[in-house]
2 protein chains.
Amino acid sequence: MNRFQNKITLNICEMVFIKDPNSSELGRNILKGSIDLIDELGFEDFTLKKLSKGISSTEASIYRYFESKHHLLSYLILWYWGWQEYRMILSITNIDNSKEQLKRVVKILTEEIKEDSNFAEINEVKLNRIVIAEASKIYLKKQVDHDNSLGFFKKYKEVVQMVSEIITSINSTYKYPHMLVSTIIEGAHHQRYFAQHLPSLTDVIDNEDSITTFYQKLALKEIQ
Amino acid sequence: MNRFQNKITLNICEMVFIKDPNSSELGRNILKGSIDLIDELGFEDFTLKKLSKGISSTEASIYRYFESKHHLLSYLILWYWGWQEYRMILSITNIDNSKEQLKRVVKILTEEIKEDSNFAEINEVKLNRIVIAEASKIYLKKQVDHDNSLGFFKKYKEVVQMVSEIITSINSTYKYPHMLVSTIIEGAHHQRYFAQHLPSLTDVIDNEDSITTFYQKLALKEIQ
DNA sequence: CTTAAATGATAGCATTACTATTATAATTGC
DNA sequence: GCAATTATAATAGTAATGCTATCATTTAAG
């Protein structure tokens, strides 16, 4: 299982980091510490100085792994999508029915995340909250085209592509598979955030994961 | 028409500004200049110092209108939703069929914006680009609950509520109207941004506003 | 035409994001 | 086992940012 982890992690485009954070103790501390601190403070108030104190290192040392705090966040998001891709692949292995496949991947992309003990230094619950609250900030920037050319969004695009292909195998004439998938993914993140902070923008129903239910049904109705 | 404008503008919760920017020449210059500059530089690289140079004023003077650049952006977004609400109301006046009403408001919320000559100091095309690229940054912050209590998101919530009521009047048993509406609004913004910068996350089709078409159809299928 | 309010000019301050330099520890090669 | 390389720590520094404070000047209202 750890080999799979390394595979995912190392597959992360090398443009995101200067030195692979998975290759050393300090690197792994940076990952763990930054997840804790970004989750706690939000990305605006998170600084590499605070992080360096938290992990008993120095700013300069962290800069040998990541060019900037923007690169560090990009790495975490990229890791997250690699992990989601891996979970999606596992969840549809040996499932032949395309509609069932779609239901399962939509569940993975919209459900509340539980900790995955396979990856020690990553707290997936916190990382999921970071993706919900901070991920859009990495592409809503003027540098987006440059970062895109360096592969910062590669894993996210692969996830969207994978679900789009399932949709196409259900209905080969459906015209908007990518639009539907990115709408579901971003939508689910927004709904989880709104449920916490702006509840009048969503519909939270007790004893039901209404977000997953909503998007599963929506996907099936839409492509019919 | 200008009275209506003032009504919209002044209805903006007074907590967002210190001094009403619509009440003076300098205030209006701040609005116009900030829209130009945020659109040009992005919110990160936009500073009140640069703005003050652009409008031949000073940082200190701008701070007499807005507590921070975050407040200024919040004002612009609030203005935008007030304006959208006004356009939505106009567009369904005298239309009795609820499905037609829904089609029309979804169009307004998802279409590409054209300049509205009724509001001189606001360039709606640029403001729309700002809303697409920057609006989520005002609520994806740790202060969101505080800002919410001050009414920063009031107009946005009203817009969502208005469309939700149309949906309920089409199908009174539909369980997720707010979720559907906020999914459509945020989704459409993402799709416009993706079409420009990350086209593999969307499906752009020539000679058709595929974004509006997609969300109009999706809304009707979903609530059936 | 006086007085208050609005704006401008200038300075300053703590923090941020990042770089540079030098010292010390840990690894690796032989 | 020791030199040589590399990784990390310690410290200092810089330009820019976000914002505040002070005081002078212009403008507008009574």
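Chain letters run A, B, ... following the sequence lines, proteins first and then strands; every chain starts at 1.
For B:I62 and D:dT20, the CD1 to C1' distance is 15 Å, given to the nearest whole Å. Taking atom OH on B:Y63 and atom P on C:dG12, their separation rounds to 18 Å, with Å as the unit. As rounded to whole Å, 10 Å separates atom C1' of D:dT22 from atom CZ of B:R64. The CD1-C1' distance, from B:I18 to C:dA6, rounds to 14 Å in whole Å. One atom, CZ of B:F66, and another, P of C:dT7, lie 13 Å apart when rounded to the nearest Å. C:dT7 atom P lies 5 Å from atom CG of B:L26, rounded to whole Å. In this structure, B:E67 places its CD atom 13 Å from P of D:dA21, rounding to the nearest Å. Nucleotide C:dT16 holds its P atom 18 Å from the CG atom of B:D45, rounded to whole Å.
Closest to the side chain of B:K69, from the set D:dT8, D:dG18, C:dG8, is D:dG18. Considering only side-chain atoms of B:S61, the nucleotide from D:dT8, C:dA17, C:dT7 that sits closest is C:dT7.
For an aromatic pair to be called close, the ring centres must be under 6.0 Å apart, and B:Y193 with B:H197 satisfies this. Aromatic rings from B:F152 and B:H146 are positioned such that their centres are separated by 6.0 Å or more. When ring centroids are compared, A:F153 and A:W81 stay outside the 6.0 Å threshold.
Between A:T47 and C:dC18 there is no side-chain polar atom (N or O) within less than 4.0 angstrom of OP1 or OP2. OP1 or OP2 of D:dT8 sits under 4.0 Å from a side-chain N or O of A:S24. Between A:K19 and the phosphate of D:dA7, there is a side-chain N or O to OP1/OP2 separation shorter than 4.0 Å.
Of the residues in residues 50-58 of chain B, those placing a heavy atom less than 4.0 Å from an atom of DNA chain C are B:S56, B:S57, B:T58, in numerical order.
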Would you please test A:L31 and A:Y75 for side-chain contact (heavy atoms from CB on, under 4.5 Å) and show each step? CA-CA 9 Å; A:L31 297 183; A:Y75 180 96; 3.6 Å; yes
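Electrostatic pairing of A:K155 and A:E85 counts as a salt bridge here, judged by a charged N lying under 4.0 Å from a carboxylate O. Classification of B:D147 and B:K142 as a salt-bridged pair fails, no side-chain N sitting under 4.0 Å from a carboxylate O.
Between the base of C:dC18 and the side chain of A:E59 there is a donor-acceptor pair shorter than 3.5 Å.
Taking CD1 from A:I35 and CG from A:L127, the interatomic distance works out to 5.0 Å, rounded to the nearest 0.5 Å.
Nearer to the 5' terminus of DNA chain C, by closest-nucleotide assignment, is the contact made by A:F46 (compared with the other of A:A60 and A:F46).
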